[in-house]
Amino acid sequence: MEQTAKIVVDGKTFELPIITGSDGEKAIDISRLRQETGIVTLDPGFANTASCRSGITFVDGEKGILRYRGIPVEQLAEHSRFVETAYLLINGDLPTKKELERFSVLLNDHSLVHEDMRTFFEHFPRWAHPMGILSSMVNALRAFYPEIPERTEEEEINITVTRLLSKVRTMAAISYKIFKGHKVIYPIQDLPYAANFLNMMFDSPVRRYEIDPDFVKALNVFWILHADHEQNCSTAAVRLVGSARVNLYAAISAGICALWGPLHGGANQAVVEMLGQIHKNGGDMAPFIARAKDKDDPFRLMGFGHRIYKTYDPRARIMKKACHKVLGKLTQHDPLLDIAKGLEELALKDQYFVDRNLYPNVDFYSGVLLRAIGIPLNMFTVMFAIGRLPGWISQWKESIDDSDWKLHRPRQIYIGANERDYVPVEKRG
Ligand code: CMC
């Protein structure tokens with residue numbers, strides 16, 4: 001028998017259906033609540049609200065579980081590559097050997113960006129943050145690659161998805177080279193996705209870049225761990241903007257803007273800045289812990305805490321391991337890794353963090369890993385954006401195929417002034 005929840009409004013009882021997800025998660029379906037009772041729900045930050053039914057990513061924040069299309073992220077990080085995981089997220093299943101080859105060839109075929117876009121890149125101020133550049137350039141892609149009426153909707157979506165996955169990576173590398181004032185390096189047809197990106201970033205006409213397979217593996221792991229995380233802030237932004245039926249480039253551009261924030265994707269940059277500050281202050285972590293606990297100080301321990309995970313973020317565990325592997329290869333020791341480990345140890349023993357279930361999240365070790373690969377600090381969030389693209393795309397695709405699809409338009413509880421008359425300016429006190 002269908003389970004229901006009862007709600008009593010003004011003495012009248014209403015029954016609401018309870019729906020169950022494939023892992024037993026339960027939700028009260030309030031989609032007819034206002035129509036039947038005349039009232040709405042209030043849920044700041046949507047902490048108690050499921051905005052959709054989704055078959056893409058499963059997260060259990062209490063147990064620390066993360067699965068893409070049913071497959072544990074630990075297995076994907078160990079055995080898969082980013083391109084294969086992107087295929088899995090977007091298409092629902094792991095590709096066959098032939099499908100994977102075809103997908104990889106398509107990504108390489110679309111890796112160049114329109115030469116005229118170079119003018120755009122060159123006219124951003126040198127100090128512009130790469131996330132601002134990336135979101136603007138992704139939006140500009142629609143102007144350079146307009147919809148072609150002869151194509152079916154499916155063909156249009158497939159080509160847009162391929163372009164995005166391939167060109168965003170190229171655009172990220174171009175913006176870095178232009179920022180440095182260096183020659184732009186083009187993608188190479190036979191190089192796989194991650195190796196191609198590293199080559200575009202670090203090769204130069206005067207010094208060949210030697211692609212290190214361990215760096216390639218670490219980058220694949222980094223991107224796989226970021227590939228999707230169900231209805232997080234940027235994905236919710238992509239779905240919300242997409243619900244107005246804008247083109248996919250515009251929806252992804254909105255996701256990039258949301259990801260830029262320090263409470264979301266910007267945290268990986270903020271973590272390394274914080275670790276750097278601790279290092280500069282002689283390595284004493286205690287004042288930072290004290291500031292994070294101080295109610296009158298807005299400072300937070302960056303890379304700690306998560307809206308969903310109330311235990312160790314499974315991605316952080318894998319990231320920490322990957323970090324050790326890459327750093328172990330380097331001849332130069334990175335003191336920031338020691339500070340990160342020390343800070344983690346200190347925080348996990350501290351009652352403030354214990355009481356609030358605050359554990360390291362994915363961003364805590366990811367910055368140290370990116371630093372080891374040679375990625376500059378202001379590109380960290382861009383790296384997250386490249387990784388999150390398959391998630392944004394698959395969630396957008398799912399939303400447009402959803403029979404429950406609606407324009408996203410939340411309600412509010414108005415708490416402003418009641419009706420009052422307009423007062424001409426000469427009569428205002
Ligand atoms: N340092 C110190 N205190 C914290 C922290 C932190 N990093 N995170 C949460 N708290 C405290 C917070 O002050 C509050 O305390 P109290 O109950 O006494 O008022 C309590 O823990 C609950 O915090 P909240 O802000 O209500 O929790 P939330 O679920 O809204 O916040 C969060 C989640 C990620 C925004 C927050 O933990 C935070 O700001 N962390 C630092 C930024 C960060 O690392 N962000 C990356 C998130 S993972 C990557 C991603 O998915 O984007």
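Both ligands and their constituent atoms are indexed starting at 1 by order of listing. Throughout, numbering of the chain's residues begins at 1 and tracks the sequence. As a basis for the values below, the full set of heavy atoms in this structure was taken, side chains included, without hydrogen atoms, waters or symmetry mates.
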Pairing of [X] and [Y] as salt bridge, 4.0 angstrom limit:
X      : Y      : value
Asp23  : Arg67  : yes
Lys341 : Glu345 : no
Glu15  : Arg32  : no

Problem set entry | Close approach of His229 to ligand 1, heavy atoms, under 4.0 angstrom |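 Judged by the 4.0 Å heavy-atom criterion, His229 does not count as contacting ligand 1.
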Problem set entry | Heavy-atom gap Asp363 to ligand 1 smaller than 4.0 Å |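 Yes, Asp363 has a heavy atom closer than 4.0 Å to ligand 1.
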Exercise. Can you find a side-chain donor-acceptor pair between Glu398 and Ser54 that sits under 3.5 Å?
Worked result: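 Side chains of Glu398 and Ser54: pair found under 3.5 Å.
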For this session: Would you check if there is a donor-acceptor pair between the side chains of Ser234 and His264 at a distance under 3.5 Å?
Result: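 Side chains of His264 and Ser234: pair found under 3.5 Å.
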Exercise. Pick from Phe364, Tyr365, Phe288: which one makes a ring pair (Phe, Tyr, Trp, His ring centres under 6.0 Å) with Phe304?
Worked result: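 Per the ring pair (Phe, Tyr, Trp, His ring centres under 6.0 Å) rule, the option paired with Phe304 is Phe364, out of Phe364, Tyr365, Phe288.
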Exercise. With a 4.5 Å heavy-atom cut-off, do Leu389 and Phe82 have their side chains touching?
Worked result: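 Answer no - side chains too far apart.
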Problem set entry | Met131 and Ile256, any side-chain heavy atoms less than 4.5 Å apart |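 The answer is yes; the side chains approach within 4.5 Å.
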Problem set entry | Close N or O approach (His264, ligand 1; < 3.5 Å) |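 Indeed, backbone or side chain, His264 has an N or O that close.
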Measure the distance from [atom] to every protein heavy atom, then report the residue, atom name and distance (to 0.1 Å) of the closest one.
atom                    : answer
atom 47 (C) of ligand 1 : Asn361 ND2, 3.6 Å
atom 20 (C) of ligand 1 : Arg356 CD, 3.8 Å
atom 45 (N) of ligand 1 : Leu263 O, 3.1 Å
atom 34 (C) of ligand 1 : Gly305 O, 3.7 Å
atom 19 (O) of ligand 1 : Lys295 NZ, 3.4 Å
atom 10 (N) of ligand 1 : Leu358 CD1, 3.6 Å
atom 51 (O) of ligand 1 : His306 NE2, 3.5 Å
atom 40 (N) of ligand 1 : Phe304 O, 2.9 Å

Exercise. With atoms numbered from 1 as shown, which atoms in ligand 1 lie under 4.0 angstrom from a non-hydrogen atom of Gly303?
Worked result: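 Reading through ligand 1 atom by atom, the close ones are 43 (C), 44 (O).
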Exercise. Which of the atoms in ligand 1, numbered in the order shown and given with their element, are less than 4.0 Å from a heavy-atom of Ala267?
Worked result: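 Per the distance check, 43 (C), 44 (O), 45 (N), 46 (C).
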Less than 4.0 Å from [atom], is there any heavy atom belonging to the protein?
atom                    : answer
atom 16 (P) of ligand 1 : yes
atom 27 (O) of ligand 1 : no
atom 22 (C) of ligand 1 : no

Problem set entry | Interatomic spacing from OG1 in Thr160 to OH in Tyr249 - rounded to 0.5 Å |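 Rounded to the nearest 0.5 Å, the OG1-OH separation comes out at 4.0 Å.
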Problem set entry | Arg245 atom CZ, over 12 foreign heavy atoms within 6.0 Å |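 For Arg245, atom CZ is crowded (more than 12 foreign heavy atoms under 6.0 Å).
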Problem set entry | Where Leu348 and Tyr359 come nearest, the two heavy atoms and their spacing |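 Scanning both residues, the minimum pair turns out to be CD2-CD2, 3.7 Å.
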Problem set entry | The one among His226, Arg307, Arg300 that brings a heavy atom closest to atom 38 (C) of ligand 1 |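 Going through His226, Arg307, Arg300 one by one, Arg300 has the nearest heavy atom to atom 38 (C) of ligand 1.
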For this session: Mind checking whether Tyr352 contacts ligand 1 via backbone (N, CA, C, O), side chain (CB onward), both or neither, at a 4.0 Å heavy-atom cut-off?
Result: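 Tyr352 to ligand 1: side-chain contact only, backbone stays beyond 4.0 Å.
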